[in-house]
> 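Before we start, here is the structure in question, set down as structure tokens.
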Amino acid sequence: MIEQHYRPEIVEADVQHYWDAGECFRVTEDPSREKYYCLSMFPYPSGRLHMGHVRNYTIGDVISRYQRMRGKNVLQPMGWDAFGLPAENAAIQSQVPPARWTYDNIAHMKVQLRRLGFAYDWGREVTTCRPEYYRWEQWFFTRLLKKGLAYKKMATVNWDPVDQTVLANEQVIDGRGWRSGAPVERRDIPQWFIRITAYADELLAELDNLSGWPEAVRTMQRNWIGRSAGVEFDFGVEGDNAPLRVYTTRPDTVMGVTYMAVAAEHPLAAKYAEGDPPLAAFIDECRRTDVTEAALEKMEKKGHRLPVHALHPVTGEQLPLFVANFVLMAYGTGAVMAVPGHDQRDWEFARAHGIEIRQVVRPVDGDADLEAGAYIAKEATVSCNSGQFDGLDFQACFDATAEYLTQHANGERTTRYRLRDWGVGRQRYWGCPIPVINCDQCGALPVPDEQLPVLLPENVEFQGVGSPLANMPEFYATACPQCGGAARRETDTFDTFVESSWYFARYACADHDGGMVDRRADYWLPVDQYVGGIEHAVLHLLYARFFQKLMRDEGLVDVDEPFTNLLTQGMVLNEIFYRKTEEGRITYFNPADVDVQTDQRGARAGAALRTDGQPVISAGIGTMSKSKNNGVDPQALIDRFGADTVRLFVMFAAPPEHTLEWNDDAVLGANRFLRRLWALVHSHQAAIARLNAGRCGNGGFDWAGSHPDPQVRALRAAAHAALERINRDYQRYQFNTVVAACMELLNAIDRFDVPQAAGDGDEARVAVVLEALAILVAVLAPIVPHVAHVLWRALGQVDDVIDARWPEVDAGALERDTVEMVVQVNGKLRGHIEIESGADEERIRAAALSEEKVRRHVGDSSIRRVIVVPGKLVNLVVG
RNA sequence: GCCGGGAUGGCGGAAUUGGUAGACGCGCCGGACUCAAAAUCCGGUUCUGGCAACAGAGUGAGAGUUCGAGUCUCUCUCCCGGCACCA
């Protein structure tokens with residue numbers, strides 16, 4: 001028997017204790033059962049759970065619990081992506097060692113996750129900053145080194161000249177270092193890379209097979225890999241210069257080249273900068289921008305003329321040669337041929353520098369207006385003004401020019417990728433040490449297996465200038481494993497994306513201390529459902545796919561792709577409020593501290609800060625962030641309403657892939673629903689107990705045949721119709737409409753009259769309520785597991801709801817004698833008819849025309865056509 | 001700049017395949033209960049006109065296909081996410 005009032009704090013503590021005591025979510029490999037591996041992206045332990053975490057993990061938990069009730073052997077693990085920059089920032093700001101800060105955060109966040117009632121197998125917890133985890137990452141990297149899949153080369157970084165340190169993109173604010181405020185420079189340093197480009201073709205091709213992934217994510221990855229076919233060839237350069245090698249995907253436009261451009265870092269630029277101070281200054285200026293692609297693309301396109309010409313490989317024409325800030329040394333060859341007639345960026349640069357724009361492609365019919373912009377089409381075009389290559393379509397011209405350049409300009413047809421090799425080295429302390437020893441005699445050598453792991457010292461003094469590791473001889477001083485001489489240990493650490501590229505495999509066998517993974521991974525992998533933020537659509541999800549293939553090729557795992565199905569959840573947003581001072585300084589106020597006024601209709605009339613009553617300005621909605629002060633602390637909500645209410649709200653407020661706008665009042669609505677549900681079960685529990693007595697506690701009632709009471713039939717039909725929709729919506733992960741259907745069902749049960757006193761009523765009326773309630777509680781169990789656990793028992797069930805069999809739709813309950821159809825006249829709704837289910841068109845037409853309102857709209861006009869959609873609609877076309 | 005996504009009442013959202021636009025919830029309005037408030041319960045709620053019956057308009061803007069378009073096609077606007085050292 002349950003109490004009269006819903007007390008989530010008591011219910012949730014009790015139920016969580018029950019799950020813990022019974023180890024309800026521990027799983028083992030069982031080949032006789034169908035497995036289901038449901039994985040949510042593990043959190044960075046930033047300190048407290050935020051709403052994005054709550055949403056992510058609730059979605060994953062609902063799917064896991066649903067699959068368990070469907071009879072699967074479900075693994076749902078959790079862990080910590082524990083290395084990263086914020087720990088170093090915290091260390092600098094509050095003098096706490098990154099390790100202690102991180103472990104404290106993990107402890108706190110773990111309590112929060114438990115409080116939300118997620119069905120995790122905590123026995124498989126993975127923490128990436130622990131040596132038992134990262135040692136295998138180090139071991140794996142040494143394999144890649146030996147295979148030549150890891151290598152060192154120069155790479156460009158953001159350099160803070162005052163702090164003498166490498167900056168993350170995030171630490172560059174308006175082109176300046178976040179701490180020093182000094183203008184950031186680009187600097188080239190030697191870095192470790194992993195050869196992801198060697199797997200580009202496979203990573204691209206297998207996207208076609210990932211039918212369980214959103215098309216948007218697959219498209220983004222395809223574009224990111226960016227496979228293109230083109231030609232690489234040489235332009236001559238005046239003077240005693242080496243030829244200038246370029247790559248182009250449009251050799252067909254080679255006759256339209258009117259200038260050339262090289263990157264600021266190109267050797268040709270460096271050569272002429274020596275005697276040319278303005279050029280040297282320009283190159284210097286190019287070094288002073290941050291290195292993100294977005295920044296490079298958005299900046300003003302500038303160029304500086306070099307004192308020599310390039311020579312056209314076909315005509316021998318002299319072409320002006322520029323150093324340009326939009327040409328990147330890292331892409332292609334660091335030099336581009338410019339065809340302003342048929343490339344928009346080249347066009348804009350040519351316009352700005354008064355360079356000729358030459359048309360060499362035109363539409364098959366008509367002409368292009370090169371005054372308005374470049375003509376970039378390839379379909380239905382023909383080459384023109386191209387001498388020997390005139391009059392060809394795109395493909396023919398491509399082939400002819402490619403052949404010519406191969407013969408006469410040292411050319412070669414090549415396939416290139418936009419994808420670059422993955423730079424995995426970071427000049428930071430709080431990361432996994434790269435297991436390499438640098439010896440002046442023998443070069444860079446992998447740390448021998450028996451010396452692994454290379455432990456990261458955790459008790460360090462942390463100032464924030466340079467990496468502490470580079471200042472610790474006790475860390476870096478070592479002996480060369482080959483010659484035995486003095487050598488220096490690598491002080492760079494791995495990009496944290498390396499840890500997150502294989503954690504999903506480690507969960508299968510987190511306790512294995514003899515290797516990276518064991519054969520248990522073959523049972524659990526691939527992940528059946530992966531859930532995480534859309535912001536990971538490219539990088540993390542591509543790196544993880546890449547690592548899966550690396551591990552496969554090392555013989556560690558069988559499968560090719562790590563994640564069969566992917567659900568990318570939308571961001572959590574909240575309103576942003578601010579005030580501007582007279583000096584123009586902006587102060588943001590948390591929405592929790594703002595009162596919103598409404599007019600008589602409920603429309604927004606204004607907003608004021610609660611503490612002083614003065615108005616604040618709304619800046620619309622945006623992702624919850626510290627800088628905009630619009631975060632909502634989940635903990636406060638859990639304390640006030642309980643985990644089930646928070647879970648229910650998050651699932652109800654929006655479909656998982658959409659953004660979710662926060663609304664405090666709607667949380668109240670979710671709580672109200674649970675209180676009503678509780679009260680409803682409470683009000684019927686005596687009658688249910690009487691019904692269950694003598695029926696082995698299962699409430700079994702024989703519904704064979706049509707029940708005579710139309711109200712009983714109606715409630716049964718409502719319950720089974722709701723279940724049908726709920727099943728469909730669970731399958732397509734539209735949890736918001738699952739909840740909506742549950743609310744409708746609750747309303748239907750609530751309206752149904754049940755005899756309360758013993759012996760004065762029809763047994764069937766109690767039975768139908770019990771059946772409807774059992775369906776309702778069972779289908780809600782994945783979403784609000786604590787309250788469902790208790791209510792399930794109150795309905796007389798003897799098993800735990802987490803292991804209850806999913807209810808089945810009784811088709812018999814849904815059968816109807818008549819259907820309602822809509823009548824349209826010329827596509828406009830004019831009436832409704834109730835008609836027997838199997839009525840033919842003649843009958844439907846007659847019924848439609850017998851409707852007064854329909855007749856009025858038809859009037860004297862003749863009926864030209866009648867369209868009937870069986871069981872739904874009839875449209876009379878008149879005129 | 002490039003790539004990807006989105007836009008439906010006062011708000012979040014719903015609408016199997018092109019077939020009743022606005023389910024469900026929030027808010028708001030009115031009522032019941034109460035000394036009062038909260039909570040709870042009942043009724044209403046797309047907009048415009050009308051006491052009403054009813055009529056007209058309506059899914060970011062503009063065009064098109066169709067008996068019929070939120071849904072399909074084209075053009076445009078605005079908002080959001082990613083862009084390789086935030087995770």
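The chains referred to below are lettered A, B, ... by the order of the sequence lines, with proteins before strands, and numbering in each begins at 1. Hydrogens, waters and symmetry mates are skipped; everything else that's a heavy atom, side chains included, is used. Please read these numbers as outputs of a predicted model, since none were measured by experiment.
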> Figure out the NZ/P separation between A:K828 and B:A69, and round it to whole Å.
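From A:K828 NZ to B:A69 P: 9 Å.
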> Students often mix this up, so state it plainly: with edges at 30° and 60°, are the rings of A:W422 and A:Y543 parallel, tilted or perpendicular?
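A:W422 and A:Y543: parallel rings.
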> Strictly by Watson-Crick or wobble contacts shorter than 3.5 Å, is anything paired with B:C33, and which nucleotide is it?
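Partner of B:C33: none found under 3.5 Å.
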> Among B:A15, B:C24, B:G13, which is the nearest nucleotide to the side chain of A:A654?
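Among the listed nucleotides, the one closest to the side chain of A:A654 is B:G13.
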> From CG of A:L573 over to P of B:G12, roughly how many Å is that when rounded to an integer?
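These atoms are roughly 11 Å apart.
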> Does A:V877 reach a base, just sugar-phosphate, or nothing at all? Heavy atoms under 4.0 Å.
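Sugar-phosphate, backbone atoms only, no base.
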> Within the structure shown, what part of the strands sits under 4.0 Å from A:L873 by heavy-atom distance: base, sugar-phosphate, or nothing?
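Touches a base.
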> Without decimals, in angstroms, what is the distance between A:N169 CG and B:C85 C1'?
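One finds 6 Å between C1' of B:C85 and CG of A:N169, rounded.
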> What is the separation between atom CG on A:N826 and atom C1' on B:A55, rounded to the nearest whole Å?
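A:N826 atom CG is separated from B:A55 atom C1' by 16 Å.
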> Look at all strands and tell whether A:H832 reaches a base, only sugar-phosphate, or nothing, counting heavy atoms closer than 4.0 Å.
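Base, at least one base heavy atom under 4.0 Å.
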> Find the distance A:E88:CD to B:C85:P and express it as a whole number of Å.
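That distance rounds to 16 Å.
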> Any donor-acceptor pair, under 3.5 Å, between the side chain of A:D665 and the base of B:C26, if you only look at N and O atoms?
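Answer no: no donor N or O sits under 3.5 Å from an acceptor.
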> If you measure from the Lys or Arg side-chain nitrogens to the Asp or Glu carboxylate oxygens, is any gap between A:E297 and A:R345 under 4.0 Å?
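Yes, this pair counts.
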> Measure distances between side-chain N and O atoms of A:R428 and base N and O atoms of B:C85, and say whether any donor-acceptor pair falls under 3.5 Å.
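Such a pair is found, so the answer is yes.
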> Is A:H5 touching bases, backbone alone, or none of the nucleic acid, heavy atoms closer than 4.0 Å?
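It contacts nothing in the nucleic acid.
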> Rounded to the nearest 0.5 Å, what's the gap from CE on A:M651 to OH on A:Y733? Could you check?
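Answer rounded to 0.5 Å: 10.5 Å.
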> Under a 3.5 Å cut-off for both distances, is B:G68 Watson-Crick or wobble paired, and to whom?
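The answer is none; no pair meets the criterion.
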> May I ask you to say what A:Q191 touches in the nucleic acid, namely base, sugar-phosphate or nothing, with a heavy-atom cut-off under 4.0 Å?
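Contact class for A:Q191: base.
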> Quick one, A:R864 and A:V878 - any side-chain contact, counting heavy atoms below 4.5 Å?
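SC-SC contact between A:R864 and A:V878 ruled out.
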> Let's test this: given Watson-Crick or G-U wobble pairing with both distances under 3.5 Å, identify the partner of B:G56.
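Base partner found: B:C47.
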> Could you check whether A:K872 gets within reach of a base, just the sugar-phosphate, or nothing at all, counting any heavy atom under 4.0 Å?
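A:K872: backbone/sugar contact only, no base atoms under 4.0 Å.
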> For A:V869, answer base if it contacts any base atom (sugar-phosphate contacts may also be present), sugar-phosphate if it contacts only those atoms, and nothing otherwise; contact means non-hydrogen atoms under 4.0 Å.
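A:V869: base contact, heavy atoms under 4.0 Å.
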> Rounded to the Å, how far apart are A:E657 CD and B:G4 P?
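Going from CD in A:E657 over to P in B:G4 covers 17 Å.
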> Just by modelled atom types, is the A:A82 backbone N or O under 3.5 Å from a matching donor or acceptor in the A:W430 side chain?
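Side chain of A:W430 to backbone of A:A82, a donor-acceptor pair under 3.5 Å: yes, one is there.
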> Would you indicate what A:Q344 reaches in the nucleic acid, counting non-hydrogen atoms under 4.0 angstrom: base, sugar-phosphate, or nothing?
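The answer is nothing, as A:Q344 stays clear of every strand by at least 4.0 Å.
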> Looking at B:C67, B:G81, B:G1, which one has an atom nearest to any side-chain atom of A:A294?
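Looking only at side-chain atoms, A:A294 lies closest to B:G1.
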> So, is B:G70 syn or anti if syn means the angle is within 90° of 0?
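Because its glycosidic torsion lies more than 90° from 0, B:G70 adopts the anti conformation.
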> Strictly by Watson-Crick or wobble contacts shorter than 3.5 Å, is anything paired with B:G25, and which nucleotide is it?
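Pairing partner: B:C11.
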> Evaluate the side-chain proximity of A:N158 to A:R186: yes if any heavy-atom separation is below 4.5 Å, no if none is.
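No. Closest side-chain heavy atoms not under 4.5 Å.
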> What is the distance, to the nearest angstrom, from the CG atom on A:L780 to the C1' atom on B:C24?
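Checked: the CG to C1' distance equals 13 Å.
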> Mind checking A:R418 for me? I need base, sugar-phosphate or nothing, with any heavy atom below 4.0 Å counting as a touch.
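Answer is base: heavy atoms of A:R418 come under 4.0 Å of a base.
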> Heavy atoms under 4.0 Å, any strand shown: does A:S46 hit a base, just sugar-phosphate, or nothing?
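Since no nucleic acid heavy atom lies under 4.0 Å of A:S46, the category is nothing.
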> Classify the nucleic acid contact of A:W224 as base, sugar-phosphate or nothing, counting any heavy atom under 4.0 Å across all strands shown.
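It contacts base atoms.
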> Can you tell me the distance, in whole Å, between the CG atom of A:L648 and the C1' atom of B:G12?
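Those two atoms, CG and C1', are 14 Å apart.
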> Touch check for A:R751, heavy atoms < 4.0 angstrom, all strands: base, sugar-phosphate only, or nothing?
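Contact class for A:R751: none.
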> Between A:N56 (side chain) and A:V531 (backbone), is there a donor-acceptor pair under 3.5 Å?
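Judged by distance alone, yes, a pair lies under 3.5 Å.
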> Does any nucleotide pair with B:G81 by Watson-Crick or G-U wobble geometry, both distances under 3.5 Å, and what is it?
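WC or wobble partner is B:C3.
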> Under 4.0 Å between a side-chain N/O of A:R675 and OP1 or OP2 of B:U40, yes or no?
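So the side chain of A:R675 is within the cut-off, an N or O lying under 4.0 Å from OP1 or OP2 of B:U40.
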> I want to verify a distance call: between B:G82, B:A23, B:A21, whose nearest atom is closest to the A:L829 side chain?
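Taking heavy atoms from C-beta onward, the closest nucleotide is B:A21.
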> Distance check, rounded to the nearest 0.5 Å: A:M51 atom CE versus A:L573 atom CG?
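The distance works out to 13.0 Å.
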> Looking at A:Q427 and B:C85, is any side-chain donor or acceptor paired with a base atom of the opposite kind under 3.5 Å?
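Looking at the base of B:C85, it does pair with a donor or acceptor on the side chain of A:Q427 (distance under 3.5 Å).
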> Is A:R830 touching bases, backbone alone, or none of the nucleic acid, heavy atoms closer than 4.0 Å?
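Sugar-phosphate contact only.
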> NA contact type, A:F326, heavy-atom cut-off 4.0 Å: base, sugar-phosphate, or nothing?
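Here A:F326 touches no strand at all.
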> Please pick, from B:C86, B:A84, B:C26, the nucleotide with the shortest atom-to-atom distance to any side-chain atom of A:T292.
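Minimum distance to the A:T292 side chain belongs to B:A84.
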